[in-house]
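Note sheet for the following structure.
Residues take their numbers from the sequence shown, with the count starting at 1.
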Amino acid sequence: MRRVDLKTGKVLARVATPIATAFGEGVTALNAVVYHLTWEDGVAVTFDAATLKETGRYRYSGEGWGLTTDGKALIMSNGSPTLVWRDPKTFRIKRSVQVTDAGQPVKNLNELEYVQGSVYANVWLTDRVARIDPQTGKVTAWIDVSALTREVSAAAAKAGHTLTFDDVPNGIAFVPERGTLLLTGKRWPTLFEVKLPGVKPEEPGTTGRARTGR
């Protein structure tokens, strides 16, 4: 896990996932605490947001994929069509919702970001991002990011290495002061800043901001 200067790309701080054998997954920050999931180990690790020093661990059942926050609770995905809201102090599940599109469950929900009342989710092995109503679980819009995949794939091929089948779009972060999303993918060397209709810049101090990544 690392902190990066967006203007220069310089890594400002870096810390390894404390469990050496674990595959690090979703990350979000809430109330000066950074929460970091592991894929199959069932452990969420917490860090001090300023120093990135470990401050605690929580256990959970099943896999950990994506993580974000609505400013009050943690919102987590595990690859299924279900999103769960967890208490940031205990990591206990407060509620859950099944994500559907036209009445059908949407599986493989992966990286998450909460933006202005909606949850955005990468769908693993696709070039689509779902915009989800957190109250009903219904997909309210689909974002096609295949153009970004093509650009990254062409650049990789030109550099002499080909992206693998799972080097898909996977990574969303919100820049509140600009009203933009940062999108990337697994093993992508490029970070794209994207403007979406209806997403507006926020004044400093607005709650519900999130920083996530995988």
Side-chain angles (χ1 to χ4, degrees), residues 1-17 22-29 34 36-40 63-68 75-79 81 83 99 101 106-116 118-132 139-199 201 209-214:
M1 185 176 64
R2 63 189 188 181
R3 182 184 295 117
V4 179
D5 186 304
L6 287 179
K7 293 183 178 180
T8 65
K10 180 181 179 181
V11 177
L12 303 176
R14 185 198 309 263
V15 61
T17 300
F23 188 101
E25 286 281 359
V27 173
T28 197
V34 176
H36 178 31
L37 299 178
T38 56
W39 177 27
E40 296 180 311
E63 297 183 353
W65 286 38
L67 192 66
T68 188
I75 307 172
M76 177 178 165
S77 67
N78 61 6
L83 296 178
V99 176
D101 181 35
V106 180
K107 63 180 181 178
N108 287 338
L109 297 175
N110 204 349
E111 168 61 8
L112 306 175
E113 181 76 321
Y114 183 89
V115 181
Q116 297 175 353
S118 294
V119 176
Y120 289 76
N122 283 113
V123 179
W124 187 50
L125 297 182
T126 77
D127 289 317
R128 299 200 300 172
V129 175
R131 188 183 70 191
I132 302 163
V139 174
T140 57
W142 286 101
I143 304 165
D144 182 351
V145 296
S146 58
L148 306 185
T149 303
R150 289 194 296 270
E151 182 175 333
V152 170
S153 182
K158 188 176 181 179
H161 58 88
T162 304
L163 297 184
T164 64
F165 81 98
D166 67 341
D167 291 337
V168 293
N170 188 42
I172 314 171
F174 180 45
V175 186
E177 63 272 17
R178 294 174 61 85
T180 57
L181 295 183
L182 300 177
L183 303 180
T184 190
K186 290 177 68 69
R187 306 181 188 90
W188 286 15
T190 306
L191 185 68
F192 296 91
E193 184 176 17
V194 177
K195 179 65 178 176
L196 295 181
V199 178
R209 298 179 183 179
R211 296 290 186 273
T212 61
R214 176 182 179 190

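The nearest pair of heavy atoms linking Thr17 to His36 is OG1-NE2, 3.0 Å. Heavy-atom minimum distance, Gly171 versus Asn122: N-OD1, 2.9 Å. Across all non-hydrogen atoms, the minimal contact from Leu83 to Ile132 is CD1-CD1, 4.3 Å. A pairwise comparison of heavy atoms in Trp142 and Asp101 identifies NE1-OD2, 3.1 Å as the closest pair. The two atoms that bring Val123 and Leu109 nearest to each other are CG2-CD2, 4.4 Å, heavy atoms only. The shortest heavy-atom contact between Glu113 and Phe174 is OE2-N, 2.6 Å.
Counting heavy atoms from C-beta on, the side chains of Val99 and Val139 come closer than 4.5 Å. Annotation: side chain of Val129 is not in contact with side chain of Leu181 (no heavy-atom distance under 4.5 Å). Glu177 is not listed as a side-chain neighbour of Pro201, based on a closest heavy-atom distance of 4.5 Å or more. A 4.5 Å side-chain heavy-atom check between Leu148 and Thr190 finds every atom pair outside the cut-off. Asp166 places a side-chain heavy atom less than 4.5 Å from the side chain of Leu125. Contact check for Leu163 versus Trp188: side-chain heavy atoms found under the 4.5 Å cut-off. Ile172 is listed as a side-chain neighbour of Leu183, based on a closest heavy-atom distance under 4.5 Å.
Distance check: Thr28 OG1 to Tyr114 OH gives 12.5 Å after rounding to the nearest 0.5 Å. Note: Arg2 CZ to Lys10 NZ = 13.5 Å, rounded to the nearest 0.5 Å. With rounding to the nearest 0.5 angstrom, the CZ atom of Phe192 is 7.5 Å from the OG1 atom of Thr184. Between Arg131 atom CZ and Thr140 atom OG1 the span is 3.5 Å, to the nearest 0.5 Å. Distance check, rounded to the nearest 0.5 Å: NE2 of His161 to OG of Ser153 gives 10.0 Å. Remark: Glu25 CD to Asn110 CG distance equals 6.5 Å, nearest 0.5 Å.
Within 6.0 Å of atom NZ in Lys195, more than 12 heavy atoms from other residues, nucleotides or ligands are found, so the atom counts as buried in its surroundings.
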Using the side-chain contact (heavy atoms from CB on, under 4.5 Å) rule, take Asn108 and Trp65 through it: C-alpha gap first, then chi angles, then the decisive distance, then the call.
CA-CA 9 Å; Asn108 287 338; Trp65 286 38; 4.2 Å; yes

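Between the side chain of Thr68 and the backbone N or O of Ile75 there is no donor-acceptor pair closer than 3.5 Å. Looking only at distances, a side-chain donor or acceptor of Ser77 sits under 3.5 Å from a matching main-chain atom of Gly66. For the pair Asp5 (side chain) and Lys7 (backbone), a donor-acceptor distance under 3.5 Å is present.
Checking each of Leu196, Val199, Thr180 against Val115 for a side chain to side chain contact (heavy atoms under 4.5 Å, CB included) leaves exactly one that passes, namely Val199.
Of the charged side-chain nitrogens involved, at least one lies within less than 4.0 Å of a carboxylate oxygen, so that Arg187 and Asp167 count as a salt-bridged pair.
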